[in-house]
Number of protein chains: 2
Amino acid sequence: MTCALEYAPQLRARGYRMTPQRMAILHVLRHAETHLSPAEIYKKARLEAPGLTEPTVYRTLEFLADIALVRPSFSSSGHLTYEMAGNDHHHIVCRDCGGEVEVEHTLLESLYRLLETTSGYRSINSHVTFFGVCPNCQAK
Amino acid sequence: MTCALEYAPQLRARGYRMTPQRMAILHVLRHAETHLSPAEIYKKARLEAPGLTEPTVYRTLEFLADIALVRPSFSSSGHLTYEMAGNDHHHIVCRDCGGEVEVEHTLLESLYRLLETTSGYRSINSHVTFFGVCPNCQAK
DNA sequence: TAAGTTGTTGTAAAAACTTGCAATAAGGAT
DNA sequence: ATCCTTATTGCAAGTTTTTACAACAACTTA
């Protein structure tokens, strides 16, 4: 749980505060294999920070996403899930079975630059979830 | 409203049915300038199909998306919105003001082929919403 | 044109998510 | 150490989205 302490300076430098609730949520995400739904995060983080409430989880996740410490991504059902930022990658989710693979960000890099050029928008760096049919389900 | 009747054969051919509720929802989407939230669709479609309920709107939209008649996309707040399929394009949404522009699908075409090659997934053709900062908000 | 099959809908209730606001507590200043 | 400011939380209530299931009605067949 102390591992989350290393984020405290980052928060303070930007005028925010480190709290037990944020520690717990960061800790859960740090040790998650994959992205988690708010409900899953709530369930786990509550063990580390008793008294934690659901609204706080939702607000904290949105906050952490705003300051780019965590990254939101969409599940195949359209719901938001979260994972730690860094190790930038994207997902391809199977429309049939829901299985997913990661896509290296480098594959999208040139597209992002192209989009910036053609649209005038800057800092395009969002996580993207693509949908397709995986090799297994193609066989059926 | 009769314009929605042209979808009836498509539905029947696949074992589904055309209903007043589906007519109303398709009609609303056909005449929408942009993508709409389930709540907006409910509000408008209810005028054409009295008795229409919210669960039906949600189910119908999911159904229409499944059979690729309409296309889901994510608003900047992470909520699902819907629009008629066809005229394939993607969106870039401004993280600050929420303003958005369309991106032609042709810009993504080669990326999609590349993803299919590297991942083994097929039929990757999902709508994608990118997030960035628009020219206006860059000025601030 | 009537009857049967089964895809669809409405109802009711639950689950997921959001909002406003007063109370709390993190971290800078004294 | 203690006080102050204000970011952050919990509470309570609201809104949105989902689910289960019985009733219904669209289409097929005869």
Side-chain angles (χ1 to χ4, degrees), chain A residues 2 4-26 35-46 48-67 69-70 72-82 98, chain B residues 2 4-26 35-46 48-67 69-70 72-82 98:
Chain A
T2 50
L5 259 178
E6 69 190 64
Y7 299 107
Q10 293 184 57
L11 294 186
R12 295 199 193 103
R14 302 179 60 176
Y16 306 118
R17 296 170 186 175
M18 179 53 82
T19 67
Q21 293 85 348
R22 287 178 181 173
M23 292 259 287
I25 289 169
L26 282 167
H35 31 117
L36 301 173
S37 70
E40 291 166 331
I41 294 166
Y42 170 61
K43 209 169 134 193
K44 296 186 183 208
R46 193 172 36 168
E48 319 237 10
L52 179 69
T53 62
E54 275 161 314
T56 297
V57 171
Y58 284 101
R59 279 180 301 210
T60 299
L61 290 171
E62 195 177 347
F63 164 75
L64 293 173
D66 276 348
I67 64 172
L69 268 187
V70 308
S73 77
F74 296 107
S75 73
S76 50
S77 57
H79 287 156
L80 275 174
T81 60
Y82 294 86
Chain B
T2 49
L5 259 178
E6 71 191 62
Y7 298 107
Q10 292 184 59
L11 294 187
R12 294 199 193 105
R14 302 180 59 179
Y16 305 118
R17 297 172 184 173
M18 179 53 82
T19 67
Q21 293 86 346
R22 287 178 179 172
M23 291 261 287
I25 289 169
L26 282 167
H35 32 117
L36 301 172
S37 70
E40 291 167 329
I41 293 166
Y42 171 60
K43 208 169 135 193
K44 296 186 183 208
R46 193 173 36 168
E48 319 236 9
L52 178 69
T53 62
E54 275 161 316
T56 296
V57 172
Y58 283 99
R59 279 180 303 212
T60 300
L61 290 172
E62 195 177 348
F63 164 75
L64 293 173
D66 276 348
I67 64 172
L69 268 187
V70 308
S73 77
F74 296 108
S75 71
S76 50
S77 56
H79 286 155
L80 275 173
T81 60
Y82 294 85

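Order of the sequence lines sets the chain letters (A, B, ...), proteins ahead of strands, with each chain counted from 1.
Distances shorter than 4.0 Å separate none of the side-chain N or O atoms of B:Tyr58 from OP1 or OP2 on D:dT18. Taking side-chain N and O atoms only, B:Thr56 has a distance below 4.0 Å to OP1 or OP2 of C:dG10. For the pair B:Gln21 and C:dG10, the criterion of a side-chain N or O lying under 4.0 Å from OP1 or OP2 is met. An OP1 or OP2 oxygen of D:dT18 is reached within less than 4.0 angstrom by a side-chain nitrogen or oxygen of A:His79.
The side-chain heavy atoms of B:Leu11 and B:Phe63, taken from C-beta on, include a pair separated by under 4.5 Å.
In plain terms, the two heavy atoms of B:Arg46 and B:Leu52 that are nearest each other are N-CD2, 3.9 Å. Counting all heavy atoms, side chain and backbone alike, B:Ala45 lies closest to B:Ile25 at CB-CG1, 4.0 Å.
Atom pair B:Glu62:CD and C:dT8:P shows a separation of 13 Å (rounding to whole Å applied). For the pair A:Met23 CE and D:dT9 P, the computed distance is 13 Å after rounding to whole Å. Straight-line distance from the CD atom of B:Glu54 to the C1' atom of C:dT9: 14 Å, rounded to whole Å. When the P atom of D:dA7 is taken as reference, atom CZ of A:Arg14 falls 14 Å away, rounded to whole Å. Residue B:Leu61 contributes atom CG, which lies 14 Å from atom C1' of D:dT18 at whole-angstrom precision. Atom C1' of nucleotide D:dA7 and atom CG of A:Asp66 are separated by 15 Å, given to the nearest angstrom. B:Leu80 has its CG atom 17 Å from the C1' atom of D:dT15, to the nearest Å. Atom OH of B:Tyr42 and atom P of C:dG10 are 9 Å apart (whole Å).
B:Arg22 contributes no side-chain N or O that forms a donor-acceptor pair with the base of C:dG7 under 3.5 Å.
Between the side chain of A:Arg22 and the main chain of A:Arg17, a donor-acceptor pair closer than 3.5 Å is present. Without hydrogens or angle criteria, A:Gln10 side chain to A:Tyr7 main chain gives no donor-acceptor distance under 3.5 Å.
Taking the six-membered ring where tryptophan is involved, the planes of A:Phe74 and B:Phe74 are essentially parallel, since the angle between them stays under 30° and well short of 60°.
Each of B:Pro50 and B:Gly15 lies near DNA chain C, and the nucleotide nearest B:Gly15 is the one positioned closer to the 5' end.
Looking at the side chain of A:Arg59, the nearest of the listed nucleotides C:dT18, D:dT9, C:dG10 is D:dT9.
Residue B:Glu40 qualifies as enclosed at atom CD: its count of foreign heavy atoms under 6.0 Å is above 12.
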(Q) Across nucleotides 23-30 of chain C, 5' to 3', mark each nucleotide with B, S or - according to how protein heavy atoms within less than 4.0 Å reach it. (A) --BBS---
